[in-house]
A.B. asks: 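I'd like to ask some things about the structure below.
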Amino acid sequence: MSQAATPTLKLTRKDFMSDQEVRWCPGCGDYAILAQMQKVLPELGIPRDQLVFVSGIGCASRFPYYMNTYGFHTIHGRAPAIATGLKISRPELHVWVVTGDGDGLSIGGNHLIHALRRNVDIKILLFNNRIYGLTKGQYSPTSELGKVTKSTPFGSLDYPINPIEIALGAEATFVARSVDVETKHLQETLKRAHEHKGSAFIEILQNCNVFNDRAWEPITDRATKADHQLVLEQGKPLVFGKNREKGIRLGKDMNPEIVTLGDGVDASQLLVHDESNPSMAYILSRLGPQFPTPIGVFRAVKRMTYDEGANAQIESAKKRLGPGDLEAILNRGDTWVVK
Amino acid sequence: MTTHIETPPRPQVPKRHEELDEVVIRFAGDSGDGMQLAGMQFSNETAVAGTDLATLPDFPAEIRAPAGTLFGVSGFQVNFSSHDIFTPGDNPDVLVMMNPAALKVNLRDLKPGGIIIADTAEFTENNLKKAGFATNPLEDGSLTKYQLFPVDITQMTLRAVEGLNLNTKVASRCKNFYALGLTSWLFTRPIDPTIRWIEGRFKKTPELVDANIRALKAGYHFGETAEMFAVQYEVKPARLAPGKYRNITGNSATALGFIAAAERAGVPLFLGSYPITPASDILHEVASYKNFNVYTFQAEDEIAAVGSALGAAYGGAIGICTTSGPGMLLKQEMINLAVMVELPLIIADIQRAGPSTGMPTKTEQADLLMAIYGRASESPVVVLAPATPGECFFMAFEAVRLAAKYMVPVIYMSDGYLANGAEPWKIPKVSELPQIDVQFRTSPEGFQPYLRDPETLARAWVKPGTPGLEHRIGGLAKEDVTGHVSYDPINNEKMVRLRAEKVARVAMDIPRTDVHGDPSGKLLVIGWGSTYGALVEATERVRAQGKSVSHVHLRYLNPLPPDLKEIIHRFETVLVAELNTGQLLKIIRAEYLVDAKGMNKIQGYPFKVGELMQKIQELLEE
């Protein structure tokens, strides 16, 4: 059980697998995400005891039980709040939050927004399968309008939330999207999130093969994905298609448009991805259904983290006021002696 | 009227001095008149003068209610005495009234023959109408059974600050200090503590330091020189236990208690909170002590506030959350989780009058059943309640000690009356405070997350970041010892009973119950929390009439003290007095199979000694 913290850590995927049997449905996209996390962590050189996975409630939130690190499976929607308290008081720990579309965007929407805007240095993985799995198939806040489920036999009336836009609106400093089956891409995105100092938000498109199978099919199917995925790369033009023959440029009305390269259109006219440009992130987050779905890092900027700030305040208070003197504060103000 | 005195004449005859044993003064005015401040400062002066005291601030929920209205009246009552006192007093001897509305609201409480000091400048036709007076009570002879001192406080204040280039609005705001100065003279209170306070408070605006001190002194000197004040009263110092004292409010004592406990535990304190009346001042005070390794976090809501505290507790800090009833009920799911994962967590519920938004600035004790029982399934926690403002320090400290020792959530129940009320507090010596022994497990040898201490049944507190002890906790049912997720029926019952037994064992760790009065007899009055003072005084007075009544005050509500059963059965009748419709009463009846009676009040105000005495006498006559 013990893992000595040696200077050169040589951990493997197996070291991060807990002794608990994984209880997701066979074929669930969560397996792939768990596997990528367990593959990536050994490369980061962090001892297992420095890692904490905090989750809420839902299928995704069982994640911590399967990680041989510290883990806390908490309450529906509240994981960001608990992780915030932990990270502020233990800034040296690496804290990951695992949530889902229901957990993070419905019951826990408020906590998600505030964790992101505060820029607490926690990494939030939102598994988006557009359905409630653990309660057996009701529509979720990311389900498409008109979704027929057990709780909406005549179709849902809720307009869906766009998780990336929520994160951008909350001024998250790192916003990304990846896909359960895009193993390499997911690994790279997880690494980027780890390297980012501050709140990192990753929406992971994930398939629920029991209650909402093929929800992301055009993006994940080998035959169609080249036309439906727009892989974002810093400093590179927005190009997609089987032969990378299509691109996105800004039209005259400031709206993005798809163009085919050649025929007088070359890459120099295309939008070039810039993770530090808020307008770019905004445009990408709002590409309509006729566009491919962007995956990768939408936004990565630097800002002071909440936990840094909180600890710096304590240090500066100690410098300014001296270390806490209990006797002094108990005796503060006017006092008198009774003999 | 003798209010306009151009140059105050020197006193022709020396003032007569009269000694009083006990005085109750009530300051009242518009919510923007600074009456809370005047009351607090008067309390501070009288504390420094060595008298015993108790206070009752009473203010509306509106920050600046429309001027001159009855609902905008803000009052502050202080009782001070040369003997031990326990309550702010049932009825005031003195009213310091800044406008007609204040007089209208408070006159009915004034004792016959009592003193009224009123600011004549505010008794305008318009203000009289707003307060519902047909004629000016200062002039129509309706107050003849009182000693009336009409003083143009506003005008005299403006004159006192003349030459400081303040506009009239700012200048007239100093009138609370004028009124305070006058009252301080009338009762021979030292004004130096107030001068020091003004100098500190307005450090950055020297003109306000000057103006407020001038107003204060002008009021004081007016009392000294004006002929209408023929008598100066004095209340001698009380014979309090020897020691060093300060004046303290319940919220301040709570804040200091938490900080002291974290210091004695050698563990950082994390206070997660969401602003709510009347608890916010604890957050404010703790936030000013960051140099004590104190984290304060103003969360996005009540849920996140307690969530952050639990997250910090998981990380090895003393996790505390402060709130009031409407916030408390939002925290119950997190407390439920803390029960399940067996982490220490302290929740301070500074109760207020409800339900729902209710009367935010008024007091009540109606969250007791919610604290003990108000969570999903079997969810036992420790519940404590301080009895006086000063005791808040020790019970806050105790809450941390028990939470850390038993790895259990502790709910600490203060209320609006304790929170804002003040009393002289004998300052404890740090070296005399108990050490809180926090042990974080570091050894992987034989570690299991739910292995228990055989005596306390506490599981080990393990900080993430400890090599070799990686493990998972959560809200799902856990297997005994290993903590693995388990849906085994027998295991579930075992774990439910283990968690209950752990809380029950706290009973062995609490002091013996004191019985005030005879150890057995006709009537036992049981109270808890802030009703202490009124109950002590009421039972003492009835006892002084030669009747058999004793009093037990509970600080531990869950678990109840183990000796309570035996005490209860030594009395013929039991009366449970509380500011709700009978919550502790239900528990006492259920736990001890006794036909206890209730004395209940749900008006947002503390018990009056008189009404308690009446109830006690009634029961004794039955």
Side-chain angles (χ1 to χ4, degrees), chain A residues 1-5 18 20 47-55 57 64-65 67-75 78 80-90 92-93 110-111 113-114 310 313-314 316-318 320-324 326-327 329-339, chain B residues 44 47-48 50 193 196 237 240-247 256 259-260 263 268 270 272 289-295 297 299-301 303-304 307-312 314-317 319 333-334 337 341 427-428 430 444 463-476 484-485:
Chain A
M1 191 166 180
S2 170
Q3 174 65 53
S18 80
Q20 297 296 295
R48 288 182 303 129
D49 60 86
Q50 298 294 314
L51 282 156
V52 186
F53 284 85
V54 183
S55 65
I57 294 293
Y65 287 119
M67 295 295 303
N68 192 12
T69 61
Y70 282 94
F72 196 173
H73 176 220
T74 71
I75 307 175
R78 319 295 179 217
I82 290 165
T84 295
L86 175 63
K87 180 67 187 182
I88 291 171
S89 55
R90 297 291 307 282
E92 77 282 12
L93 295 174
N110 198 31
H111 306 306
I113 287 169
H114 289 278
Q313 274 191 353
I314 289 180
S316 83
K318 282 185 194 164
R320 199 155 47 84
L321 307 167
L326 193 52
E327 206 84 59
I329 63 166
L330 294 182
N331 286 276
R332 208 163 78 152
D334 291 305
T335 61
W336 68 99
V337 174
V338 175
K339 288 192 178 135
Chain B
N44 205 32
V48 171
R196 283 198 295 275
L240 300 172
K244 193 174 176 192
Y245 282 78
R246 68 181 275 193
N247 197 25
L256 291 176
I259 289 169
E263 280 280 298
F270 183 101
Y289 295 129
K290 291 246 152 101
N291 55 328
F292 282 79
N293 275 326
V294 163
Y295 295 95
F297 175 62
E300 61 270 24
D301 57 29
I303 298 168
S308 66
L310 184 63
Y314 173 60
E333 68 166 356
M334 200 65 72
L337 175 65
V341 295
I427 304 166
V430 171
K463 284 201 269 191
T466 310
L469 296 185
E470 297 84 3
H471 66 283
R472 276 64 56 191
I473 58 172
L476 285 170
H484 291 151
V485 174

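Side-chain atoms are counted along with the backbone in the values below, which use heavy atoms only and exclude waters and symmetry mates. In what follows, chains are A, B, ... by sequence order, proteins preceding strands, each numbered from 1.
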A.B. asks: Please identify, among Phe53(A), Phe72(A), Tyr65(A), the residue contributing the most non-hydrogen atom pairs under 4.5 Å to chain B.
C.D. replies: Phe72(A)

A.B. asks: Let me know if Thr74(A) has heavy atoms under 4.5 Å from chain B in its side chain, its backbone, both or neither.
C.D. replies: both

A.B. asks: Looking only at heavy atoms, which two atoms of Val337(A) and Lys244(B) are closest? And how far apart?
C.D. replies: CG2-CG, 4.1 Å

A.B. asks: Testing the basics here: between Val338(A) and Leu240(B), what is the closest heavy-atom pair and its distance to 0.1 Å?
C.D. replies: CG1-O, 3.2 Å

A.B. asks: Can you say whether Tyr295(B) sits under 4.5 Å from chain A via the side chain, the backbone, both, or neither, judging by heavy atoms?
C.D. replies: both

A.B. asks: Using side-chain heavy atoms (C-beta onward) and a distance below 4.5 Å, is Tyr70(A) in contact with Thr466(B)?
C.D. replies: yes

A.B. asks: When only pairs under 4.5 Å are counted, which of Ala317(A), Ala83(A), Ser89(A), Ala310(A) shares the most heavy-atom pairs with chain B?
C.D. replies: Ser89(A)

A.B. asks: Using a cut-off of under 4.5 Å on heavy-atom pairs, state which of Val294(B), Asp301(B), Asn247(B) scores highest against chain A.
C.D. replies: Asp301(B)

A.B. asks: Of all of Leu321(A), Ile113(A), Thr84(A), which one pairs up most often with chain B through heavy atoms under 4.5 Å apart?
C.D. replies: Leu321(A)

A.B. asks: Using every non-hydrogen atom in the two residues, find where Arg246(B) and Ile329(A) come nearest and quote the distance to one decimal.
C.D. replies: NH1-O, 3.1 Å

A.B. asks: Does any backbone or side-chain atom of Leu326(A) lie under 4.5 Å from a heavy atom of chain B? Answer side chain, backbone, both or neither.
C.D. replies: both

A.B. asks: Going by salt bridge (Lys or Arg N to Asp or Glu O under 4.0 Å), name the residues that satisfy it together with Arg472(B), two or more places apart in sequence or in a different chain.
C.D. replies: none

A.B. asks: In terms of heavy-atom pairs under 4.5 Å with chain B, which of Val52(A), Thr69(A), Asn110(A) leads?
C.D. replies: Thr69(A)

A.B. asks: Might you point out which heavy atoms bring Val48(B) and Trp336(A) nearest each other, and give the distance in Å?
C.D. replies: CA-CE3, 3.7 Å

A.B. asks: With the side chain counted from C-beta on, respond yes when Leu469(B) and Asp49(A) share a heavy-atom pair under 4.5 Å apart, and no when they do not.
C.D. replies: no

A.B. asks: Examine whether an atom of Pro464(B) lies under 4.5 Å from a heavy atom of chain A, and if so say whether it belongs to the side chain, the backbone or both; otherwise answer neither.
C.D. replies: both

A.B. asks: Begin from the C-alpha positions of Phe270(B) and Ile88(A) and carry the test side chain to side chain contact (heavy atoms under 4.5 Å, CB included) through to its verdict.
C.D. replies: CA-CA 9 Å; Phe270(B) 183 101; Ile88(A) 291 171; 4.0 Å; yes

A.B. asks: Most heavy-atom pairs under 4.5 angstrom with chain B, which of Leu93(A), Val54(A), Ile57(A)?
C.D. replies: Leu93(A)

A.B. asks: Which answer fits Gln20(A), side chain, backbone, both or neither, if we ask what part of it has an atom under 4.5 Å from a heavy atom of chain B?
C.D. replies: side chain

A.B. asks: Please classify the contact of Arg332(A) with chain B as side chain, backbone, both or neither, using a heavy-atom distance under 4.5 Å.
C.D. replies: both

A.B. asks: Between Met334(B) and Ile82(A), is the side chain to side chain contact (heavy atoms under 4.5 Å, CB included) condition met? List the steps.
C.D. replies: CA-CA 10 Å; Met334(B) 200 65 72; Ile82(A) 290 165; 3.6 Å; yes

A.B. asks: So, using side-chain contact (heavy atoms from CB on, under 4.5 Å) as the criterion, who are the partners of Glu333(B) when residues are at least two apart?
C.D. replies: Ile75(A), Arg78(A), Ile303(B)

A.B. asks: Identify which part of Asn44(B) has an atom lying under 4.5 Å from any heavy atom of chain A, answering side chain, backbone, both or neither.
C.D. replies: side chain

A.B. asks: Select, from Lys290(B), Glu300(B), His484(B), the one with the greatest count of heavy-atom pairs under 4.5 Å involving chain A.
C.D. replies: Glu300(B)

A.B. asks: Which one of Gly319(B), Pro428(B), Gly307(B) has the most heavy-atom pairs closer than 4.5 Å to chain A?
C.D. replies: Gly307(B)

A.B. asks: At a 4.5 Å cut-off on heavy atoms, which part of Phe297(B) comes close to chain A: side chain, backbone, both, or neither?
C.D. replies: both

A.B. asks: Give the minimum heavy-atom separation between Arg196(B) and Asp334(A), together with the two atoms involved.
C.D. replies: NH2-OD1, 2.5 Å

A.B. asks: Counting only heavy atoms closer than 4.5 Å, note whether Ala47(B) contacts chain A via side chain, backbone, both or neither.
C.D. replies: both

A.B. asks: Kindly indicate, with the supporting measurements, whether the criterion side chain to side chain contact (heavy atoms under 4.5 Å, CB included) is fulfilled by Arg320(A) and Asn291(B).
C.D. replies: CA-CA 8 Å; Arg320(A) 199 155 47 84; Asn291(B) 55 328; over 6 Å; no

A.B. asks: Would you mind telling me which of Val341(B), Ile473(B), Val485(B) has the largest number of heavy-atom pairs within less than 4.5 Å of chain A?
C.D. replies: Ile473(B)

A.B. asks: Between Leu256(B), Leu476(B), Ile259(B), which residue shows the highest count of heavy-atom pairs closer than 4.5 Å to chain A?
C.D. replies: Leu476(B)

A.B. asks: Need one label for Ile427(B): side chain, backbone, both or neither, based on atoms under 4.5 Å from any heavy atom in chain A.
C.D. replies: side chain

A.B. asks: Given that the side chain runs from C-beta out, which part of Ala260(B) has a heavy atom under 4.5 Å from chain A: side chain, backbone, both or neither?
C.D. replies: both

